[in-house]
Protein chains: 2
Amino acid sequence: MADALEPEQLTTYFALMESASLLQHAVEQQLRSQSDLSHVQFQLLAKLAGTEGRMTMTELADGVVYSRSGLTHQAGLLEKEGLVTRAPSPDDQRATLVTITDAGRALVGRVLPGHIEVARRLLFEPLSDDDLRHLGDIMGRVRDHMRAQPPRSTAARRRRPPRAKERPAKG
Amino acid sequence: MADALEPEQLTTYFALMESASLLQHAVEQQLRSQSDLSHVQFQLLAKLAGTEGRMTMTELADGVVYSRSGLTHQAGLLEKEGLVTRAPSPDDQRATLVTITDAGRALVGRVLPGHIEVARRLLFEPLSDDDLRHLGDIMGRVRDHMRAQPPRSTAARRRRPPRAKERPAKG
DNA sequence: TATTGTTATACTCTATAACTATA
DNA sequence: TATAGTTATAGAGTATAACAATA
């Protein structure tokens with residue numbers, strides 16, 4: 001099974017995962033205290049707000065991950081709250097174009113400062129400017145690398161051979 | 001609401017969160033394909049395996065986060081699978097001492113290589129040795145900082161004033 | 001036939017509150 | 001009274017499979 005990770009890699013990996021977990025947890029609480037958004041919902045809105053405002057479901061899924069059904073579910077919730085709208089794409093009738101509404105933008109604007117404050121307090125407080133530069137550079141590359149990786153959430157269906165149940169019953 | 005994060009901070013934060021999310025997702029799939037462990041369960045076992053093998057529930061919760069009930073639930077599942085045992089602590093009759101079993105250790109050993117392989121492929125592949133050193137240093141500090149932060153999962157009960165429902169019904 | 005998206009369904013995870021027992 | 005942990009319960013998130021519609 002190849003050789004194990006260098007100890008430094010293992011340590012780094014665990015530190016990263018624990019930090020991300022703690023940060024996500026904190027962010028989630030902040031979001032809920034200030035809105036009715038889950039972290040995923042916020043990410044979807046933020047993504048829409050940052051990218052011209054409209055994307056297809058598939059584009060939207062990218063990076064935020066999830067099964068399609070999960071995305072459909074979340075998009076449905078956001079739509080029900082009037083934060084986005086969904087309409088068939090003019091280019092491709094199969095595609096659904098998700099558009100952020102003014103209310104959606106407003107909500108992002110309202111929630112973002114507190115969100116940011118959490119990130120600053122938990123993540124950036126102990127970091128120097130130099131650290132920040134390194135971290136930004138590194139994580140940017142890592143993210144791009146991961147995005148380029150084959151098993152993207154959206155592609156899941158294609159690459160799922162019809163194997164039998166490999167996880168029969170568990171309990 | 002203070003000033004916004006520097007753009008570089010915002011970019012870094014999002015890159016970190018997305019990467020962590022993608023990585024966690026990949027890791028979770030790997031774990032399930034090779035065992036019946038969720039990521040949390042794996043983390044609990046790994047934590048036990050790395051720390052002499054026995055911890056109280058409260059110690060165990062630290063870093064893996066969760067409500068106590070969630071931890072009780074997960075510990076119960078692990079116990080049912082024979083991966084850990086639970087017994088009252090001799091020092092403090094209130095405390096429950098969780099101990100990893102041989103089967104638990106064996107499972108960690110069996111699953112770890114694949115787990116590691118995912119981390120290497122997704123996280124470390126695009127990084128130089130220098131990057132790794134920086135990242136390890138940075139995330140180690142971040143994690144320590146976050147751990148030191150007040151709202152640790154376990155302490156939740158203490159710091160929860162009996163406020164009324166602030167999230168009445170949502171949908 | 002391949003792809004986009006939705007629906008139905010089932011299950012897991014997590015949190016809250018109430019409770020027991022020990023310090 | 002405060003702390004450690006469990007139980008009951010309820011709700012949200014996610015995934016799988018089956019399905020409809022368009023390319």
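Residue numbering restarts at 1 for every chain, and letters A, B, ... go by the order of the sequence lines.
A salt bridge is defined here as a Lys NZ or Arg NE, NH1 or NH2 lying under 4.0 Å from an Asp or Glu carboxylate O, and Arg141(B) with Asp137(B) meets this definition.
Note: CG (Leu37(B)) to C1' (dC13(C)) measures 15 Å, nearest angstrom. The interatomic distance linking Arg94(B) (CZ) with dG5(D) (C1') rounds to 10 Å, in whole Å. The nearest whole Å value for the distance from the CG atom in Leu78(A) to the C1' atom in dT6(C) is 16 Å. What separates CE of Met57(A) from C1' of dT22(D) is a distance of 16 Å, to the nearest Å. Protein atom CE of Met55(B) is 15 Å distant from nucleotide atom C1' of dA4(D), rounded to whole Å. Atom CD of Gln93(A) is separated from atom C1' of dT6(C) by 16 Å (rounded to the nearest Å). Separating the CD atom of Gln24(B) from the P atom of dC13(C) is a distance of 12 Å, rounded to the nearest angstrom. Rounded to whole angstrom, the span from the CZ atom of Arg32(A) across to the P atom of dA12(D) amounts to 8 Å.
Looking at heavy-atom distances under 4.0 Å, Thr56(A) makes contact with sugar-phosphate atoms alone, never a base.
Contact between the side-chain N/O atoms of Ser38(B) and the OP1/OP2 oxygens of dC13(C) is found at a separation under 4.0 Å. Not one side-chain nitrogen or oxygen of His25(B) sits closer than 4.0 Å to the OP1 or OP2 atom of dG13(D). For Thr58(A), a side-chain nitrogen or oxygen approaches OP1 or OP2 of dG5(C) to under 4.0 Å.
Partners of His39(A) by side chain to side chain donor-acceptor pair (under 3.5 Å), not counting sequence neighbours: none found. Applying the side chain to side chain donor-acceptor pair (under 3.5 Å) test to Glu79(B) and every residue at least two apart in sequence or in another chain returns Arg86(B). With sequence neighbours excluded, the residues satisfying ring pair (Phe, Tyr, Trp, His ring centres under 6.0 Å) with Phe42(A) are His115(A). For Asp144(A), there are no side chain to side chain donor-acceptor pair (under 3.5 Å) partners at least two apart in sequence or on another chain.
Between dA21(D), dT22(C), dG5(D), one nucleotide has an atom nearer to the side chain of Thr96(B) than all others, and that is dG5(D). Of the candidates dT22(D), dT22(C), dG5(D), dT22(D) carries the atom nearest the Asp92(A) side chain, counting heavy atoms from C-beta on. Candidate nucleotides dA15(D), dT22(D), dC13(C) were compared by shortest atom distance to the side chain of Gln74(B), and dC13(C) ranks first. Minimum atom distance to the side chain of Gln41(B) is reached by dC13(C), of the listed dC13(C), dT22(D), dG5(D). The side chain of Ser67(B) has dT16(C) as its nearest neighbour among dA4(D), dT6(C), dT16(C).
A side-chain N or O of Ser69(B) and one of Ser67(B) form a donor-acceptor pair less than 3.5 Å apart.
Here the straight-line distance linking atom CZ of Arg133(B) with atom OG of Ser128(B) works out to 8.0 Å at 0.5 Å rounding.
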Polar-atom pairs under 3.5 Å, protein N or O versus N or O of nucleotides 7-11 of chain D: list them with distances, or write none.
none

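The nearest heavy atom of DNA chain D to Gly70(A) and to Asp91(A) marks one nucleotide each, and the one closer to the 5' end goes with Gly70(A).
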Atom pairs and distances, donor-acceptor, side-chain atoms in residues 96-106 of chain A, under 3.5 Å, two or more places apart:
residue: Thr101(A); atom: OG1; partner: Gly82(A); partner atom: O; Å: 2.7
residue: Thr101(A); atom: OG1; partner: Leu83(A); partner atom: O; Å: 3.1
residue: Thr101(A); atom: OG1; partner: Ala103(A); partner atom: N; Å: 3.4
residue: Thr101(A); atom: OG1; partner: Gly104(A); partner atom: N; Å: 3.0
residue: Arg105(A); atom: NH1; partner: Ala49(A); partner atom: O; Å: 3.4

